[in-house]
Amino acid sequence: MIRAVRPVETRDLDGVVALAESLGPGMTTLPADRTSLGEKIERSVASFAGRADRADAQYLLVLEDENGAVLGTSALYAQVGAPYGFFSYKRLRLVQRSQAVDVSCNVEMLAVANDYTGTTEVGTLAIHPALKGTGAGRLLARARYMLVAIRPDLFAPLLIGEMRGWQDEAGENPFWNAVGARFFSMDFATADRLSATRGADFIADLLPKHPIYIELLPEAARDVIGKPHRNSLPAMMLLKSEGFRYEGYVDVFDVGPQMHCDRDHIATVARSRRGTVAALSPNAAPVASSQLVCTEELDRFRVVMTSGLTSDGEIALGDDAVRALGTDRGAELRWSPGVLDVAA
């Protein structure tokens, strides 16, 4: 059976809530809260229907099983940061020298930056714990880029991805304890949840505006700057395989790495091709290569990973794949190599 990724629908609310509950705490963009998830689903439905403003548009995808049950999610947030800005810390180096005493000073600092305001964010990548190691996460992650490939006009020229920052076994983040807790007067979990549910207005109000000298921080806080949570390492490797890079931007709460890539240079997007679907001969199936295939229509968007034979302007697929895509022979499709031959 070929699993398909599709846009979330209002009927999926129970399934998305159940998925969120199976993940446990820490997934702030997919909280186990029925009201919040209902609003997220409604916004996604409006976005796919073309009824949402660019600043509010978000596209939530789900992976379903043969019975329509939700097994995972991923999302694109078309334009982040409105109206208060998208906040990051940028790691900078400052070199100073005194000729009078012939002494130089080479230090690093974290400066508040809004450089990612207006970009498109990839996020909400989650799979049911039972599917770990099956390739479902990679399918959901790459399905987002196929959406970008068919409708680049809906997304910003730069895409970003945020990695959850490092935490110890007790869920403590040393940087938050050293910096954030002194300005926000709340624990890390509360601040992280508020940023996900209310937006960035309180961040703009309370975040320290002056640069933070890294050398003045406790060693434990310094060590976690740009260090991802152990559970985020697979997602970070997926971003790297698509061409995303880390250039010193970190989250203002847990200093997890923020990565970015030019929209048209994302590997799945750049290597995608468009053409019509043809029949795949049973005799050809064993030599067919793995392909990530999607439909071209936004309102009927579907993505599958399947075997296919490609030629100029045509891809031959089996009947199961055609049914999973909800399309017909001769329809327009887009595909990208199932395996990316780039360093992860």
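What you see is a predicted model, and the numbers here were worked out from it, not measured in a lab.
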Got a list of side-chain donor-acceptor pairs under 3.5 Å for residues 215-224, not counting sequence neighbours?
from: Glu215; atom 1: OE1; to: Glu108; atom 2: N; distance (Å): 3.4
from: Glu215; atom 1: OE2; to: Glu108; atom 2: N; distance (Å): 3.4
from: Arg222; atom 1: NH1; to: Leu217; atom 2: O; distance (Å): 2.6

### Message
Quick check on the hydrophobic clustering: are Val122 and Tyr246 connected, directly or via other members, by side-chain heavy-atom contacts under 4.5 Å?
### Response
yes

### Query
Is there side-chain contact between Val70 and Leu63, with at least one heavy-atom pair below 4.5 Å?
no

### Task
Would you please say whether a donor-acceptor pair under 3.5 Å links the side chains of Ser336 and Arg271?
no

### Query
If only atom types and distance count, is the side chain of Arg263 paired as donor or acceptor with the main-chain N or O of Pro152 below 3.5 Å?
yes

### Message
Could you walk me through whether Tyr213 and Val107 satisfy the side chain to side chain contact (heavy atoms under 4.5 Å, CB included) test, starting with their C-alpha distance in whole Å, then the side-chain angles of each, then the deciding distance to 0.1 Å, before giving a yes or no?
### Response
CA-CA 7 Å; Tyr213 284 83; Val107 297; 3.9 Å; yes

### Query
When you look at NZ of Lys132, are more than 12 heavy atoms from neighbouring residues, nucleotides or ligands closer to it than 6.0 Å?
no

### Query
So, does Ser36 use its side chain to make a donor-acceptor pair with the main chain of Asp33 at under 3.5 Å?
no

### Query
Quick one: do the Arg302 and Thr295 side chains pair a donor with an acceptor below 3.5 Å?
no

### Message
Is it the case that the side chains of Ser44 and Glu42 hold a donor-acceptor pair, with the cut-off being a distance below 3.5 Å and no angle test?
### Response
no

### Query
Is any side-chain heavy atom of Leu19 closer than 4.5 Å to a side-chain heavy atom of Leu71?
no

### Message
Once salt bridge (Lys or Arg N to Asp or Glu O under 4.0 Å) is applied, do any residues pair with Arg138, and if so which ones, sequence neighbours excluded?
### Response
none

### Message
List the residues meeting salt bridge (Lys or Arg N to Asp or Glu O under 4.0 Å) with Asp254, not counting sequence neighbours, and say none if there are none.
### Response
none

### Summary
Arg34 meets the salt bridge (Lys or Arg N to Asp or Glu O under 4.0 Å) criterion, sequence neighbours left out, with Asp14

#### Entry: For Arg151, all residues meeting salt bridge (Lys or Arg N to Asp or Glu O under 4.0 Å), sequence neighbours excluded
Asp153

### Message
Run the side-chain contact (heavy atoms from CB on, under 4.5 Å) test against Ala170 and tell me which residues pass, sequence neighbours left out.
### Response
Asp168, Glu172

### Message
Quiz question: by atom type and distance under 3.5 Å, do the side chains of Thr124 and Tyr77 form a donor-acceptor pair?
### Response
yes

### Query
Are Thr120 and Gln79 close enough that a side-chain donor and a side-chain acceptor fall under 3.5 Å?
no

### Query
How would you list, by chain and number, every residue that makes a side-chain hydrogen bond (donor to acceptor under 3.5 Å, both in side chains) with Ser88, sequence neighbours excluded?
Gln258

### Side-chain heavy-atom pair Arg6, Phe301 within 4.5 angstrom cut-off
no

#### Entry: Any residue meeting side-chain hydrogen bond (donor to acceptor under 3.5 Å, both in side chains) with Asp264, in chain and number order, not counting sequence neighbours
none

### Query
Which residues pass the side-chain hydrogen bond (donor to acceptor under 3.5 Å, both in side chains) test with Arg182, sequence neighbours left out?
none

### Summary
side chain to side chain donor-acceptor pair (under 3.5 Å) pairs touching residues 47-56, sequence neighbours excluded, are none

### Query
Is the shortest heavy-atom distance from the side chain of His210 to the side chain of Pro208 under 4.5 Å?
no

Using atom types as modelled, flag every donor-acceptor pair under 3.5 Å from a side chain in residues 229-239 to any protein atom, sequence neighbours excluded.
from: His229; atom 1: ND1; to: Asn231; atom 2: N; distance (Å): 2.9
from: Arg230; atom 1: NH1; to: Gln167; atom 2: O; distance (Å): 3.2

### Summary
For Val103, the hydrophobic cluster (side chain heavy atoms closer than 4.5 Å, chained through members) also holds Val101

